[in-house]
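Just below is one structure, and these are the notes that go with it.
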Amino acid sequence: MNCEECDASLIDYAYDELAPEPRRAVTRHLAECAACAVAYCRLRADLDGALQAAHEAPPPAVRQRLRAEVERAFRPSWWRRGLALVQRPVPAYAVLAALVLPAALWLVRASGRDDPASATSPRVRGYDAAAPPLIHRPIL
Amino acid sequence: MPEVPDEELVVALRGGELAAFDRLYARYERRLYGYIRRIVGESAVADDLFQDTFLKVLRDRSYDPARGRFAPWLFAVARNACLMAQRSERSHASLRERAEAQLRPAEAAPPDARLGEAARVQAAMAALPEAQRQLILLKQLGELSYREIAGLMGVAEGTIKSRLHAATQAFRRLLTEGGSADEL
(Lines give C-alpha, C1' and ligand atoms only; values in the text may rest on other atoms or scores of the structure.)
Protein backbone atom coordinates (compact mmCIF):
# COMPACT_ATOMS: atom_id res chain seq x y z
CA MET A 1 0.00 0.00 0.00
CA ASN A 2 1.30 3.46 -0.89
CA CYS A 3 0.52 6.78 0.81
CA GLU A 4 -2.16 7.72 -1.70
CA GLU A 5 -4.06 4.47 -1.16
CA CYS A 6 -3.66 4.82 2.58
CA ASP A 7 -5.01 8.36 2.52
CA ALA A 8 -8.08 7.20 0.60
CA SER A 9 -8.78 4.54 3.24
CA LEU A 10 -8.01 6.60 6.31
CA ILE A 11 -11.56 7.78 7.08
CA ASP A 12 -12.95 4.26 6.72
CA TYR A 13 -10.11 3.02 8.88
CA ALA A 14 -10.91 5.58 11.57
CA TYR A 15 -14.59 4.68 11.42
CA ASP A 16 -13.72 0.97 11.66
CA GLU A 17 -15.41 0.21 8.36
CA LEU A 18 -12.66 -1.63 6.53
CA ALA A 19 -12.68 -5.37 5.87
CA PRO A 20 -10.02 -7.29 7.82
CA GLU A 21 -7.49 -7.55 4.97
CA PRO A 22 -7.46 -3.86 3.88
CA ARG A 23 -7.46 -2.93 7.56
CA ARG A 24 -4.31 -4.95 8.15
CA ALA A 25 -2.71 -3.31 5.09
CA VAL A 26 -3.45 0.20 6.45
CA THR A 27 -2.16 -0.77 9.89
CA ARG A 28 1.06 -2.04 8.36
CA HIS A 29 1.47 1.12 6.29
CA LEU A 30 0.84 3.37 9.31
CA ALA A 31 3.51 1.47 11.21
CA GLU A 32 6.04 2.15 8.45
CA CYS A 33 5.10 5.66 7.26
CA ALA A 34 5.47 8.55 9.71
CA ALA A 35 3.65 11.08 7.52
CA CYS A 36 0.54 8.88 7.20
CA ALA A 37 0.69 8.03 10.90
CA VAL A 38 0.64 11.74 11.75
CA ALA A 39 -2.23 12.31 9.32
CA TYR A 40 -4.15 9.48 10.98
CA CYS A 41 -3.48 10.84 14.47
CA ARG A 42 -4.81 14.24 13.42
CA LEU A 43 -7.94 12.70 11.92
CA ARG A 44 -8.48 10.60 15.03
CA ALA A 45 -8.04 13.65 17.27
CA ASP A 46 -10.58 15.65 15.24
CA LEU A 47 -13.13 12.84 15.38
CA ASP A 48 -12.55 12.27 19.08
CA GLY A 49 -12.97 16.00 19.63
CA ALA A 50 -16.30 15.91 17.77
CA LEU A 51 -17.40 13.00 19.88
CA GLN A 52 -16.40 14.59 23.16
CA ALA A 53 -18.05 17.87 22.25
CA ALA A 54 -21.28 16.11 21.31
CA HIS A 55 -21.55 14.05 24.50
CA GLU A 56 -23.93 15.62 26.97
CA ALA A 57 -25.68 14.23 30.01
CA PRO A 58 -29.38 14.98 30.51
CA PRO A 59 -30.42 16.78 33.72
CA PRO A 60 -30.91 14.45 36.74
CA ALA A 61 -34.63 15.28 36.84
CA VAL A 62 -35.05 13.72 33.40
CA ARG A 63 -33.53 10.49 34.66
CA GLN A 64 -35.82 10.43 37.69
CA ARG A 65 -38.92 10.98 35.56
CA LEU A 66 -37.86 8.34 33.09
CA ARG A 67 -37.02 5.82 35.83
CA ALA A 68 -40.45 6.33 37.39
CA GLU A 69 -42.15 5.78 34.02
CA VAL A 70 -40.11 2.66 33.37
CA GLU A 71 -40.96 1.32 36.82
CA ARG A 72 -44.64 1.87 36.14
CA ALA A 73 -44.41 0.18 32.77
CA PHE A 74 -42.14 -2.75 33.57
CA ARG A 75 -42.44 -3.53 37.28
CA PRO A 76 -43.72 -7.11 37.46
CA SER A 77 -47.08 -7.80 39.12
CA TRP A 78 -47.15 -9.20 42.69
CA TRP A 79 -47.84 -12.77 41.56
CA ARG A 80 -44.90 -12.66 39.13
CA ARG A 81 -42.63 -11.43 41.93
CA GLY A 82 -43.89 -14.29 44.15
CA LEU A 83 -43.27 -16.78 41.37
CA ALA A 84 -39.78 -15.48 40.85
CA LEU A 85 -39.12 -15.91 44.55
CA VAL A 86 -40.21 -19.54 44.43
CA GLN A 87 -38.15 -20.14 41.31
CA ARG A 88 -34.96 -19.01 42.96
CA PRO A 89 -32.05 -21.42 42.65
CA VAL A 90 -31.47 -24.32 45.06
CA PRO A 91 -28.63 -22.66 47.06
CA ALA A 92 -31.12 -20.06 48.18
CA TYR A 93 -33.31 -22.80 49.63
CA ALA A 94 -30.31 -24.35 51.40
CA VAL A 95 -29.49 -21.03 53.02
CA LEU A 96 -33.12 -20.62 54.00
CA ALA A 97 -33.18 -24.10 55.55
CA ALA A 98 -29.93 -23.46 57.39
CA LEU A 99 -31.51 -20.37 58.92
CA VAL A 100 -34.95 -21.76 59.64
CA LEU A 101 -34.11 -25.26 60.99
CA PRO A 102 -32.04 -24.18 64.03
CA ALA A 103 -34.66 -21.57 64.82
CA ALA A 104 -37.42 -24.18 64.64
CA LEU A 105 -35.49 -26.60 66.88
CA TRP A 106 -34.82 -23.87 69.40
CA LEU A 107 -38.51 -22.97 69.44
CA VAL A 108 -39.55 -26.60 70.02
CA ARG A 109 -37.09 -26.98 72.88
CA ALA A 110 -38.03 -23.66 74.41
CA SER A 111 -41.76 -24.47 74.33
CA GLY A 112 -41.01 -27.86 76.00
CA ARG A 113 -39.13 -26.17 78.82
CA ASP A 114 -41.99 -23.74 79.52
CA ASP A 115 -44.58 -26.52 80.10
CA PRO A 116 -44.42 -27.60 83.87
CA ALA A 117 -46.34 -30.83 83.25
CA SER A 118 -43.75 -32.07 80.81
CA ALA A 119 -40.96 -31.27 83.28
CA THR A 120 -42.01 -34.11 85.72
CA SER A 121 -42.00 -37.83 84.84
CA PRO A 122 -45.23 -39.22 83.37
CA ARG A 123 -47.68 -40.86 85.78
CA VAL A 124 -49.39 -44.20 85.16
CA ARG A 125 -52.81 -44.37 86.81
CA GLY A 126 -54.23 -47.57 88.47
CA TYR A 127 -50.95 -49.50 88.51
CA ASP A 128 -50.06 -51.45 91.70
CA ALA A 129 -46.70 -53.17 91.58
CA ALA A 130 -47.55 -55.37 94.62
CA ALA A 131 -50.78 -56.76 93.16
CA PRO A 132 -50.59 -60.24 91.56
CA PRO A 133 -50.77 -60.42 87.78
CA LEU A 134 -54.24 -60.55 86.26
CA ILE A 135 -53.85 -64.18 85.32
CA HIS A 136 -53.53 -65.19 89.00
CA ARG A 137 -56.46 -63.16 90.20
CA PRO A 138 -59.76 -64.82 90.89
CA ILE A 139 -62.22 -63.86 88.26
CA LEU A 140 -65.39 -64.86 90.06
CA MET B 1 -16.47 -10.46 32.68
CA PRO B 2 -17.91 -9.80 29.18
CA GLU B 3 -20.34 -6.93 28.84
CA VAL B 4 -23.98 -7.92 28.53
CA PRO B 5 -25.25 -6.95 25.07
CA ASP B 6 -27.90 -4.24 24.83
CA GLU B 7 -30.35 -6.67 23.30
CA GLU B 8 -30.16 -8.99 26.32
CA LEU B 9 -30.75 -6.03 28.62
CA VAL B 10 -33.88 -5.12 26.67
CA VAL B 11 -35.16 -8.68 27.04
CA ALA B 12 -34.37 -8.61 30.77
CA LEU B 13 -36.17 -5.30 31.21
CA ARG B 14 -39.23 -6.58 29.40
CA GLY B 15 -39.15 -9.49 31.82
CA GLY B 16 -39.40 -7.03 34.71
CA GLU B 17 -35.74 -6.68 35.66
CA LEU B 18 -35.48 -2.95 36.34
CA ALA B 19 -31.71 -3.04 36.90
CA ALA B 20 -31.39 -3.71 33.16
CA PHE B 21 -32.81 -0.28 32.48
CA ASP B 22 -30.19 1.37 34.68
CA ARG B 23 -27.43 -0.30 32.70
CA LEU B 24 -28.96 0.66 29.35
CA TYR B 25 -29.47 4.19 30.54
CA ALA B 26 -25.86 4.51 31.67
CA ARG B 27 -24.71 3.36 28.26
CA TYR B 28 -26.85 5.69 26.22
CA GLU B 29 -27.72 8.78 28.27
CA ARG B 30 -24.83 10.97 27.10
CA ARG B 31 -24.82 9.69 23.55
CA LEU B 32 -28.55 9.90 22.94
CA TYR B 33 -29.09 13.17 24.76
CA GLY B 34 -26.07 14.68 23.00
CA TYR B 35 -27.45 13.60 19.65
CA ILE B 36 -30.92 15.03 20.30
CA ARG B 37 -29.51 18.21 21.75
CA ARG B 38 -27.28 18.77 18.71
CA ILE B 39 -30.29 18.36 16.43
CA VAL B 40 -33.00 20.34 18.22
CA GLY B 41 -30.85 22.72 20.23
CA GLU B 42 -33.28 23.75 22.95
CA SER B 43 -32.71 21.85 26.17
CA ALA B 44 -36.38 21.76 27.23
CA VAL B 45 -37.37 20.19 23.92
CA ALA B 46 -34.38 17.85 24.08
CA ASP B 47 -35.39 16.71 27.58
CA ASP B 48 -38.86 15.71 26.40
CA LEU B 49 -37.63 14.08 23.22
CA PHE B 50 -35.00 12.12 25.10
CA GLN B 51 -37.53 10.78 27.58
CA ASP B 52 -40.13 10.00 24.91
CA THR B 53 -37.59 8.25 22.71
CA PHE B 54 -36.26 6.05 25.47
CA LEU B 55 -39.73 5.08 26.66
CA LYS B 56 -41.04 4.48 23.17
CA VAL B 57 -38.16 2.21 22.26
CA LEU B 58 -38.44 0.17 25.43
CA ARG B 59 -42.21 -0.16 25.27
CA ASP B 60 -42.43 -0.85 21.56
CA ARG B 61 -42.81 -4.62 21.19
CA SER B 62 -42.32 -4.38 17.42
CA TYR B 63 -38.59 -4.21 18.12
CA ASP B 64 -37.30 -7.76 18.33
CA PRO B 65 -33.92 -7.91 20.11
CA ALA B 66 -33.19 -11.25 18.42
CA ARG B 67 -33.34 -9.68 14.97
CA GLY B 68 -31.30 -6.52 15.21
CA ARG B 69 -29.06 -4.28 17.25
CA PHE B 70 -30.59 -1.94 19.79
CA ALA B 71 -28.53 1.17 18.97
CA PRO B 72 -29.72 1.65 15.36
CA TRP B 73 -33.30 1.25 16.52
CA LEU B 74 -32.84 3.76 19.32
CA PHE B 75 -31.20 6.35 17.09
CA ALA B 76 -33.72 5.79 14.29
CA VAL B 77 -36.54 6.55 16.71
CA ALA B 78 -34.63 9.55 18.06
CA ARG B 79 -33.99 10.87 14.57
CA ASN B 80 -37.67 10.57 13.62
CA ALA B 81 -38.71 12.26 16.86
CA CYS B 82 -36.31 15.13 16.16
CA LEU B 83 -37.61 15.50 12.61
CA MET B 84 -41.20 15.56 13.88
CA ALA B 85 -40.31 18.15 16.48
CA GLN B 86 -38.63 20.28 13.86
CA ARG B 87 -41.62 20.02 11.57
CA SER B 88 -44.01 20.96 14.32
CA GLU B 89 -42.11 24.15 14.92
CA ARG B 90 -43.69 27.03 13.08
CA SER B 91 -40.44 28.11 11.62
CA HIS B 92 -37.77 25.51 11.04
CA ALA B 93 -35.28 28.22 10.22
CA SER B 94 -35.77 30.01 13.52
CA LEU B 95 -35.34 26.73 15.44
CA ARG B 96 -32.09 26.02 13.63
CA GLU B 97 -30.93 29.55 14.25
CA ARG B 98 -31.66 29.26 17.95
CA ALA B 99 -29.95 25.89 18.13
CA GLU B 100 -26.86 27.23 16.44
CA ALA B 101 -26.85 30.34 18.57
CA GLN B 102 -27.02 28.20 21.67
CA LEU B 103 -24.26 25.90 20.58
CA ARG B 104 -22.01 28.54 19.03
CA PRO B 105 -19.55 30.21 21.39
CA ALA B 106 -20.50 33.73 22.32
CA GLU B 107 -18.88 36.24 19.99
CA ALA B 108 -18.74 39.06 22.49
CA ALA B 109 -16.83 37.17 25.13
CA PRO B 110 -14.05 34.85 23.98
CA PRO B 111 -14.40 31.36 25.42
CA ASP B 112 -12.37 30.20 28.36
CA ALA B 113 -8.95 28.97 27.28
CA ARG B 114 -9.67 25.50 28.68
CA LEU B 115 -12.91 25.33 26.73
CA GLY B 116 -11.37 26.77 23.57
CA GLU B 117 -10.93 23.48 21.79
CA ALA B 118 -14.38 22.15 22.69
CA ALA B 119 -15.99 25.43 21.66
CA ARG B 120 -14.14 25.35 18.34
CA VAL B 121 -15.31 21.81 17.67
CA GLN B 122 -18.88 22.73 18.59
CA ALA B 123 -18.76 25.75 16.32
CA ALA B 124 -17.49 23.62 13.45
CA MET B 125 -20.24 21.06 14.05
CA ALA B 126 -22.89 23.77 14.24
CA ALA B 127 -21.64 25.31 11.01
CA LEU B 128 -22.05 22.07 9.09
CA PRO B 129 -25.15 21.62 6.94
CA GLU B 130 -27.74 19.66 8.88
CA ALA B 131 -27.52 16.52 6.71
CA GLN B 132 -23.77 16.31 7.23
CA ARG B 133 -24.07 16.98 10.94
CA GLN B 134 -26.67 14.20 11.21
CA LEU B 135 -24.32 11.75 9.52
CA ILE B 136 -21.36 12.53 11.73
CA LEU B 137 -23.50 12.37 14.87
CA LEU B 138 -25.06 9.04 13.89
CA LYS B 139 -21.65 7.61 13.16
CA GLN B 140 -19.87 9.01 16.18
CA LEU B 141 -22.52 9.10 18.90
CA GLY B 142 -24.72 6.30 17.62
CA GLU B 143 -21.73 4.15 16.70
CA LEU B 144 -23.74 2.92 13.73
CA SER B 145 -22.15 1.23 10.74
CA TYR B 146 -22.45 2.58 7.18
CA ARG B 147 -24.96 -0.19 6.53
CA GLU B 148 -27.06 0.71 9.58
CA ILE B 149 -27.10 4.41 8.69
CA ALA B 150 -28.02 3.51 5.11
CA GLY B 151 -30.93 1.40 6.37
CA LEU B 152 -32.07 4.19 8.65
CA MET B 153 -31.99 6.81 5.89
CA GLY B 154 -33.22 4.56 3.12
CA VAL B 155 -30.26 5.06 0.78
CA ALA B 156 -27.47 2.84 -0.55
CA GLU B 157 -24.51 2.00 1.67
CA GLY B 158 -22.10 3.46 -0.90
CA THR B 159 -24.01 6.73 -0.83
CA ILE B 160 -23.65 6.94 2.93
CA LYS B 161 -19.96 6.18 2.68
CA SER B 162 -19.29 8.97 0.20
CA ARG B 163 -21.53 11.43 2.08
CA LEU B 164 -19.83 10.64 5.35
CA HIS B 165 -16.42 11.13 3.76
CA ALA B 166 -17.55 14.52 2.47
CA ALA B 167 -19.04 15.42 5.86
CA THR B 168 -15.87 14.45 7.70
CA GLN B 169 -13.69 16.43 5.34
CA ALA B 170 -16.01 19.45 5.60
CA PHE B 171 -15.94 19.24 9.39
CA ARG B 172 -12.16 19.09 9.46
CA ARG B 173 -11.91 22.00 7.05
CA LEU B 174 -14.19 24.07 9.27
CA LEU B 175 -12.17 23.05 12.27
CA THR B 176 -8.83 24.10 10.83
CA GLU B 177 -9.90 27.11 8.80
CA GLY B 178 -12.81 28.29 10.91
CA GLY B 179 -14.85 28.88 7.74
CA SER B 180 -18.62 28.89 7.40
CA ALA B 181 -20.83 26.25 5.83
CA ASP B 182 -21.42 28.47 2.79
CA GLU B 183 -17.88 27.85 1.67
CA LEU B 184 -18.39 24.07 1.50
Side-chain angles (χ1 to χ4, degrees), chain A residues 5-20 22-23 26 38-88, chain B residues 12-18 20-22 24-26 29-38 43 46-48 50-52 54-55 58-59 103 115 117-126 128 133 136-137 139-141 143 145-147 157 160-161 164-169 171-172 175-176:
Chain A
E5 288 167 337
C6 178
D7 187 53
S9 306
L10 224 47
I11 291 178
D12 292 335
Y13 183 79
Y15 284 143
D16 199 13
E17 290 280 355
L18 286 179
R23 184 167 185 81
V26 173
V38 168
Y40 174 68
C41 286
R42 284 194 182 135
L43 170 64
R44 192 70 265 171
D46 288 349
L47 292 177
D48 287 347
L51 184 63
Q52 291 306 317
H55 267 169
E56 187 174 344
V62 173
R63 188 195 183 284
Q64 284 166 4
R65 280 205 305 268
L66 187 54
R67 185 66 160 74
E69 287 283 338
V70 166
E71 265 196 54
R72 255 196 298 278
F74 294 101
R75 191 174 172 77
S77 52
W78 64 268
W79 63 269
R80 271 184 183 276
R81 274 179 278 154
L83 194 67
L85 207 66
V86 170
Q87 287 173 338
R88 281 192 175 178
Chain B
L13 177 63
R14 285 178 179 175
E17 208 178 297
L18 294 173
F21 165 75
D22 297 328
L24 269 179
Y25 187 86
E29 61 166 338
R30 293 173 64 82
R31 286 163 59 192
L32 185 67
Y33 189 78
Y35 172 77
I36 293 173
R37 184 93 160 82
R38 294 295 162 287
S43 59
D47 290 358
D48 290 343
F50 173 79
Q51 187 176 330
D52 293 348
F54 231 115
L55 267 181
L58 296 176
R59 277 183 181 154
L103 297 172
L115 300 174
E117 185 59 27
R120 221 160 53 84
V121 171
Q122 286 195 349
M125 283 295 279
L128 276 175
R133 190 166 63 235
I136 292 182
L137 289 173
K139 183 70 192 158
Q140 289 283 84
L141 286 173
E143 295 175 10
S145 66
Y146 289 167
R147 184 188 295 257
E157 194 179 331
I160 290 298
K161 179 178 169 171
L164 198 52
H165 276 225
T168 307
Q169 283 157 356
F171 166 67
R172 298 189 73 201
L175 205 57
T176 51

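Only heavy atoms go into these numbers, but all of them, side chains included; no hydrogens, no water, no symmetry mates. Each chain gets a letter, A, B and so on, in the order its sequence line appears, and its residues count up from 1.
Contact of Asp48(A) with chain B is made through the backbone alone, with heavy-atom distances under 4.5 Å. Contact of Phe21(B) with chain A is made through the side chain alone, with heavy-atom distances under 4.5 Å. Looking at Ala57(A), both its backbone and its side chain come within 4.5 Å of chain B, counting heavy atoms on both sides. With a threshold of 4.5 angstrom between heavy atoms, Glu17(A) approaches chain B through side-chain atoms but not through N, CA, C or O. Neither the backbone nor the side chain of Arg147(B) comes within contact range of chain A; no heavy atom of the residue lies under 4.5 Å from a heavy atom of that chain. For Ala8(A), the part sitting under 4.5 Å from any heavy atom of chain B is the backbone (N, CA, C, O) and nothing else.
Counting all heavy atoms, side chain and backbone alike, Asp46(A) lies closest to Phe171(B) at O-CE2, 3.6 Å. The minimum heavy-atom distance between Ala54(A) and Leu137(B), with the atom names listed, is CB-CD2, 3.9 Å. The shortest heavy-atom contact between Ala50(A) and Met125(B) is CB-SD, 4.4 Å. When all heavy atoms of Leu47(A) and Gln140(B) are compared, the pair lying nearest together is O-NE2, 2.6 Å.
Between chain A and the options Glu17(B), Arg30(B), Glu143(B), the largest number of non-hydrogen pairs under 4.5 Å is found for Arg30(B). Residue with the most contacts toward chain A among Ser145(B), Gly15(B), Ala46(B): Ser145(B) (heavy-atom pairs, distance under 4.5 Å).
From Arg38(B), atom CZ reaches atom CD of Glu56(A) across 5.0 Å, with rounding to the nearest 0.5 Å. Atom OG1 in Thr176(B) sits 10.5 Å away from atom CZ in Arg42(A) (nearest 0.5 Å). Annotation: the span from His165(B) atom NE2 to Asp12(A) atom CG amounts to 3.5 Å, rounded to 0.5 Å.
Judged by the 6.0 Å distance and 45° axis criteria, Arg63(A) is positioned over the aromatic ring of Tyr25(B).
Side-chain contact between Phe54(B) and Val70(A) is absent, with no heavy-atom pair separated by less than 4.5 Å. Contact annotation: the side chain of Arg67(A) approaches that of Leu18(B) to within less than 4.5 Å [non-hydrogen atoms, C-beta and beyond]. Under the 4.5 Å side-chain criterion, counting only non-hydrogen atoms from C-beta, Leu43(A) is in contact with Thr168(B). In this structure the side chain of Val62(A) never reaches within 4.5 angstrom of the side chain of Glu29(B), judged on heavy atoms.
Residue-environment remark: CZ (Arg44(A)) exceeds the threshold of 12 foreign heavy atoms within 6.0 Å.
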